[in-house]
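In this text, all values refer to a predicted model and were calculated from it rather than measured experimentally. The first residue in the sequence is number 1, and the count goes up from there.
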Amino acid sequence: MSDIIMESFGAVFAGIILWVLTYNMGIKRALQLPGSKYILVGFFLLFFGMLIDITDNFPQLNHFVIIGDTEIEAFLEKVVGTLFGLLFVAIGFYRWLPSVIKLEQTDKELKSLNAQLDTRVQKRTKQLENINERLRYEIGKRKVSENKLKKQALFDGLTGLPNRILMLERLTQLIDEAKRKNNKVAILFIDIDYFKKVNDTLGHEAGDNILCQMAKRISSEIRSYDTVARLGGDEFVVVLGGIFEVSAVSMIAEKLIRQFRVPYIIDSRELTLTVSIGVSMFPDDGEIGTTLLCKSDSAMYQSKEVGRNTYSYFTDKMNAEISRRLNLENEIHGALERNEFTVYYQPKINISNNKFTGTEALLRWCNPVLGNVSPAEFIPIAEQNSLIVPLGEFVLNEAMRDTAKWQQKYDPDLTVAVNLSPRQFRDPNLINYIENTIKKHFSSGGCLELEITEGVLMGGQHIEDALKRLSELDVNIAMDDFGTGYSSLSYLRKFPFNVLKIDKSFVDDITTSPSDQTLIKATVAMAHGLNLKVIAEGVETEKQLEYLENLDCDYAQGYFFSKPIPFDEMDNYLASYNSASPRKFVLYEVSNG
């Protein structure tokens with residue numbers, strides 16, 4: 001009975017070992033190890049041998065196992081089963097144990113590698129966390145920098161208002177919205193009047209202060225969803241969307257003008273400024289933002305021309321004027337080199353004896369594209385782009401050369417008057433050029449008369465020095481357009497004038513307007529009291545000439561005698577004048593236009 005129990009335990013133990021091997025390692029993996037199949041076969045043989053032992057003790061179970069009939073055969077079967085089972089198990093373990101040992105070592109190595117890998121992963125994770133932290137910091141800095149750059153790119157640094165780029169973007173959006181909703185968009189271009197004087201007198205810091213206050217005032221007068229932008233300098237733009245009536249735009253423009261009349265406080269000082277506003281409308285004046293901005297800018301300049309401190313709407317007439325101005329600016333460059341300019345002359349007559357005394361030189365421009373261009377158009381442009389300096393030198397040289405010819409041919413006492421602009425007087429080479437040209441053509445400077453307006457006299461000490469040098473050259477100085485300025489009397493007392501020219505606007509109504517008669521009479525008396533000669537411009541009728549003669553006016557010029565004419569025609573005029581009786585000649589000129 002003890003044999004049976006021991007053999008049963010052995011069988012159970014063998015089964016447990018077999019189960020552990022196959023379960024823990026997995027059947028497939030266990031069978032793949034070297035010697036595993038031998039071990040399994042050996043266990044089956046041992047189990048078979050133990051099964052035979054059990055059946056020997058329980059004959060009733062013999063029909064389950066086929067064994068020999070004799071005890072010897074049964075013994076041999078048990079011995080063979082046990083021996084072969086042990087042999088197969090021994091061979092299997094012999095081949096299997098090195099693999100198990102190797103697997104154990106591999107497991108240890110894997111655990112070591114896993115530990116190292118965990119350490120490296122933790123270290124790398126820490127590094128990545130630090131890198132992520134730095135990246136978050138750099139991304140934060142970059143966002144701050146991007147926001148700063150975006151603000152610099154889209155907003156004005158001084159006032160914080162949108163700049164030109166952002167304003168045009170919003171204007172485009174409003175135009176698109178207006179197209180969908182069938183309403184209007186208004187652009188108000190605002191410029192401070194005489195702002196340069198603020199910077200020149202109070203300094204740029206005070207000017208910046210005013211600009212910041214101005215930005216707040218504009219923003220306070222418009223709706224929250226409208227746009228106020230600063231384009232630069234003292235130029236601001238207001239973009240108004242959702243407009244249905246033009247009257248609404250006028251109301252806002254008037255509110256802005258009233259707002260700016262409120263004095264600014266700068267360093268405890270009150271400063272009152274005005275603005276000029278130009279208005280353009282979508283879709284009336286255009287459908288593109290840049291076009292509308294350009295037209296509102298043009299309308300703003302129209303406001304300045306009509307007296308400032310007001311607003312103007314863009315018109316087609318204004319557009320035509322702007323186009324012509326651009327053409328003038330393009331064509332005037334190189335016009336002198338292309339010989340498009342000519343000097344014309346208008347005679348001056350001594351009223352007391354009707355004697356021809358000289359001419360006034362007047363510049364004329366005939367362009368192949370634009371035709372005859374009025375001096376009122378091209379002189380201001382020449383002033384702005386400094387072309388007036390070479391043009392002035394051209395007129396001086398031509399006038400003195402032609403007059404020198406007439407002096408030799410007709411009368412050595414003939415004179416010529418030439419207009420000088422403020423820009424010419426700022427030219428440091430002007431006096432030297434005049435002196436050299438006098439020496440080139442004239443015997444003395446007394447044959448040259450320079451006509452200057454009140455604007456020339458506002459240049460400070462430089463102007464005083466220049467006039468003094470001209471006086472030393474014996475050049476006559478004439479105050480042109482007398483009566484149209486504000487402080488002409490003080491200038492007459494301060495500067496060395498020889499001649500005073502009465503403006504045409506006073507001569508026009510001299511025979512019918514008592515106030516003009518009184519003004520001219522007082523002007524002639526005052527000029528003679530200062531030892532100045534008086535010339536009346538714009539004489540067109542004999543009655544005007546007779547009235548001037550009764551006032552003892554010295555000289556006259558105008559269409560009554562002749563319109564401005566070129567050199568050849570003036571030469572014929574002089575020849576005819578010398579051959580005619582004075583008064584009859586004048587009447588002849590009138591009758592023939």
Engineer: Can you confirm whether more than 12 heavy atoms, excluding those of Q259, are under 6.0 Å from its CD atom?
Structural biologist: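 Yes - once you tally the heavy atoms of other residues, nucleotides and ligands closer than 6.0 Å, there are more than 12.
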Engineer: Q346 side chain to S562 main-chain N or O, any donor-acceptor pair under 3.5 Å?
Structural biologist: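 Side chain of Q346 to backbone of S562: a pair is present.
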Engineer: With a cut-off of under 6.0 Å to the ring centre and 45° to the axis, is R217 in cation-pi contact with Y264?
Structural biologist: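 Because its charged atom sits under 6.0 Å from the ring centre and within 45° of the axis, R217 does stack over Y264.
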Engineer: Could I get the full list of ring-ring contact (aromatic ring centres under 6.0 Å, His included) partners for Y345, not counting sequence neighbours?
Structural biologist: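 Applying ring-ring contact (aromatic ring centres under 6.0 Å, His included) to Y345 gives W406.
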Engineer: Please determine whether a side-chain nitrogen of the Lys or Arg among K563 and E569 lies less than 4.0 Å from a carboxylate oxygen of the Asp or Glu.
Structural biologist: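 No.
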Engineer: Report yes or no: does Y410 contribute a side-chain atom to a donor-acceptor pair with the main-chain N or O of L574 at less than 3.5 Å?
Structural biologist: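 Checked: no pair found.
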Engineer: Assess whether a salt bridge exists between K409 and D571, defined as any Lys/Arg side-chain N lying under 4.0 Å from an Asp/Glu carboxylate O.
Structural biologist: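 Judged by the 4.0 Å cut-off on N to carboxylate O distance, K409 and D571 do form a salt bridge.
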Engineer: Verify whether one side chain among T274 and D193 offers a donor that lies under 3.5 Å from an acceptor in the other.
Structural biologist: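 Present: a donor and an acceptor within the cut-off.
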Engineer: Are K501 and E360 close enough for a salt bridge, meaning some N to O gap below 4.0 Å?
Structural biologist: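 Salt bridge flag = yes for E360 with K501.
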Engineer: Hey, is the main chain of V534 close enough, under 3.5 Å, to the side chain of D554 for a donor-acceptor pair?
Structural biologist: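 Yes, the answer is positive, given that a donor and an acceptor are paired below the 3.5 Å cut-off.
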Engineer: Could you pull out all residues at least two apart from R426 that satisfy salt bridge (charged side-chain N to carboxylate O under 4.0 Å, His left out)?
Structural biologist: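 Per chain and number, R426 pairs via salt bridge (charged side-chain N to carboxylate O under 4.0 Å, His left out) with no residue.
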Engineer: Could you tell me which non-hydrogen atom of L545 sits nearest to which non-hydrogen atom of A556, and how far apart they are?
Structural biologist: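 Reported closest heavy-atom pair: CD1-CB, 4.1 Å.
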Engineer: Would you say F425 and L467 make side-chain contact, with heavy atoms under 4.5 Å?
Structural biologist: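 The answer is yes; the side chains approach within 4.5 Å.
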Engineer: Would you check if the side chain of E540 reaches a backbone N or O of F560 as a donor-acceptor pair within less than 3.5 Å?
Structural biologist: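 Absent.
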Engineer: How about CZ on F195, more than 12 heavy atoms from neighbouring residues, nucleotides or ligands closer than 6.0 Å, or not?
Structural biologist: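 Yes.
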Engineer: For I288, look at atom CD1 and say whether over 12 heavy atoms of other residues, nucleotides or ligands are found less than 6.0 Å away.
Structural biologist: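 No, CD1 of I288 has 12 or fewer neighbouring heavy atoms, counting only those of other groups under 6.0 Å.
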Engineer: If we count only N and O atoms by modelled type, under 3.5 Å, do the side chains of R423 and N385 hold a donor and an acceptor together?
Structural biologist: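 Per modelled atom types, R423 and N385 side chains form no pair under 3.5 Å.
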Engineer: Using a 6.0 Å cut-off, check whether atom NZ of K543 has over 12 heavy atoms from anything other than its own residue.
Structural biologist: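 No, the 6.0 Å shell around NZ holds no more than 12 heavy atoms from other groups.
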Engineer: Assess whether atom NZ of K304 is packed by more than 12 heavy atoms of other residues, nucleotides or ligands within 6.0 Å.
Structural biologist: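 Atom NZ in K304 is packed in, count exceeds 12.
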Engineer: Any ion pair linking K348 and E449 (charged N to carboxylate O, less than 4.0 Å)?
Structural biologist: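 A salt bridge is present here (some side-chain N lies under 4.0 Å from a carboxylate O).
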Engineer: Any salt bridge linking R469 with D465? Criterion: basic side-chain nitrogen under 4.0 Å from a carboxylate oxygen.
Structural biologist: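 A salt bridge is absent here (no side-chain N lies under 4.0 Å from a carboxylate O).
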Engineer: Taking 4.0 angstrom as the limit, do K439 and E435 come out as a salt bridge?
Structural biologist: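 Between E435 and K439 there is a salt bridge, with a charged N closer than 4.0 Å to a carboxylate O.
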